[in-house]
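Hydrogens, waters and symmetry mates play no part in the numbers below; they use all other heavy atoms, side chains included. We're numbering straight along the sequence, starting at 1.
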Amino acid sequence: MLKDFFLRFPEGRARALTFSYDDGVEQDLRLRTLLDRYGLKGTFNLNSGLLTAPGAAPADPLIRRMTERQVLEAFAGTPHEIGLHGLRHLYLEQLPPARATYEILEDRARLEVLFHTWVRGGAYPYGTWNEQTLDSLRACGVDYFRTTEDSHGFDVPQDWLRLAPTCHHNDPQLPALAERFLHDPVERRPYLFYIWGHSYEFERDDNWALIENLAQTLSGRAEVYYATNGEVFDYVAAFRALRISCDGRRVLNPTATPVWYVHCGRAGCVQPGEQVVLED
């Protein structure tokens, strides 16, 4: 029956892991290198209007924003994703609608030119937003935006413009959440573990070992889908685009993405353009 039809990530995996880090600071390079070492992926959200001029002294000795050259050296050609974070990291909900829209769209436009790519998601500066902000994001063609409202859970988002992460990397519940993510039995709804933060916090708190130990724990798992925020969004969108007959027996995949599912305890895949018949 259709009530036993649930999303699975590529290759039938029941778990997905993604990271999200903000502000485009020099410490991102060390974090990106660490993620690469362990085969993990993340999304780095940048304020293109706050990139440092070459040779300029940082305004804050800890929050050392990168230059254009540095962000290109850090992220261009890597498996990680570039996200937007507002042109100048302003409180978007405090701005007039036109100005908030400009802060979003101009940041997106500059980053797309800089990286020769599409920028389709990001994170709220300061984690704050209102309904007007959501309207601006929709008008700018943004697919997803992360809040700072930790869920301490693993649910796949329903509203991607109010994307709630699982937890910040300094959350005292992180070790227990990692244990649950890896070892809880997943029978129906899949697990999405979403970790966020700012890489300068590792330097401030002198806890780079925290993220390295976490990476070691979570890496190399055949049952985990390691992805950027955008890759998770695209895959879930493909699953939700499946066309299902009224009797719940036939499933058509109109997308270009192979989509995996579990039905009555059995994993299956619907190839692009394929129709399958579900059996109890």
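Scanning for side-chain contact (heavy atoms from CB on, under 4.5 Å) contacts around Thr228 gives Lys41, Thr43, Glu81, Glu231, with sequence neighbours left out. Residues satisfying the side-chain hydrogen bond (donor to acceptor under 3.5 Å, both in side chains) test with Arg64, not counting sequence neighbours, are Glu26, Glu203. With sequence neighbours left out, His168 forms a ring pair (Phe, Tyr, Trp, His ring centres under 6.0 Å) with Trp196. Taking the side-chain contact (heavy atoms from CB on, under 4.5 Å) definition, one finds that Gln275 meets it with Arg250, Leu252, sequence neighbours left out. Evaluation of the salt bridge (charged side-chain N to carboxylate O under 4.0 Å, His left out) rule for Glu274 yields no partner, not counting sequence neighbours. In this structure, the salt bridge (charged side-chain N to carboxylate O under 4.0 Å, His left out) partners of Arg180, at least two apart in sequence or on a different chain, are Asp184. A search for salt bridge (charged side-chain N to carboxylate O under 4.0 Å, His left out) contacts involving Asp143 returns Arg120, not counting sequence neighbours. Asp206 is linked by a salt bridge (charged side-chain N to carboxylate O under 4.0 Å, His left out) to nothing, counting only residues two or more places apart in sequence or in another chain. Here Thr166 pairs with Phe154, Leu177, Phe193, Tyr194 under the side-chain contact (heavy atoms from CB on, under 4.5 Å) rule; sequence neighbours left out. Here Gln94 pairs with Tyr91 under the side-chain contact (heavy atoms from CB on, under 4.5 Å) rule; sequence neighbours left out. Residues passing the ring pair (Phe, Tyr, Trp, His ring centres under 6.0 Å) test with Trp118, sequence neighbours excluded: none.
Each of Tyr102 and Leu95 belongs to its own hydrophobic cluster when Ile, Leu, Val, Met, Phe, Trp and Tyr are linked at side-chain heavy-atom distances under 4.5 angstrom. Val186 and Leu192 fall into different hydrophobic clusters, where Ile, Leu, Val, Met, Phe, Trp and Tyr are joined by side-chain heavy atoms under 4.5 Å apart, directly or via other members.
Of the listed residues (Leu50, Asp28, Thr52, Leu72), just one forms a side chain to side chain contact (heavy atoms under 4.5 Å, CB included) with Met66, and that residue is Asp28. Put simply, the residue from Phe145, Trp160, Phe239 that forms a ring-ring contact (aromatic ring centres under 6.0 Å, His included) with Phe233 is Trp160.
Salt-bridge check for Asp60 with Arg65: failed, with every basic side-chain N at 4.0 Å or more from each acidic carboxylate O. With salt bridges taken as basic N to acidic carboxylate O contacts below 4.0 Å, none links Arg266 and Glu279. The pair Glu131-Arg162 meets the salt-bridge criterion, with a side-chain N (NZ, NE, NH1 or NH2) lying under 4.0 Å from an Asp/Glu carboxylate O.
Centroid-to-centroid, the aromatic rings of His169 and Phe202 come within less than 6.0 Å.
Applying the salt bridge (Lys or Arg N to Asp or Glu O under 4.0 Å) definition to pairs two or more places apart or across chains, those involving residues 92-102 are Arg99-Glu103.
Looking only at distances, a side-chain donor or acceptor of Arg32 sits under 3.5 Å from a matching main-chain atom of Ala74.
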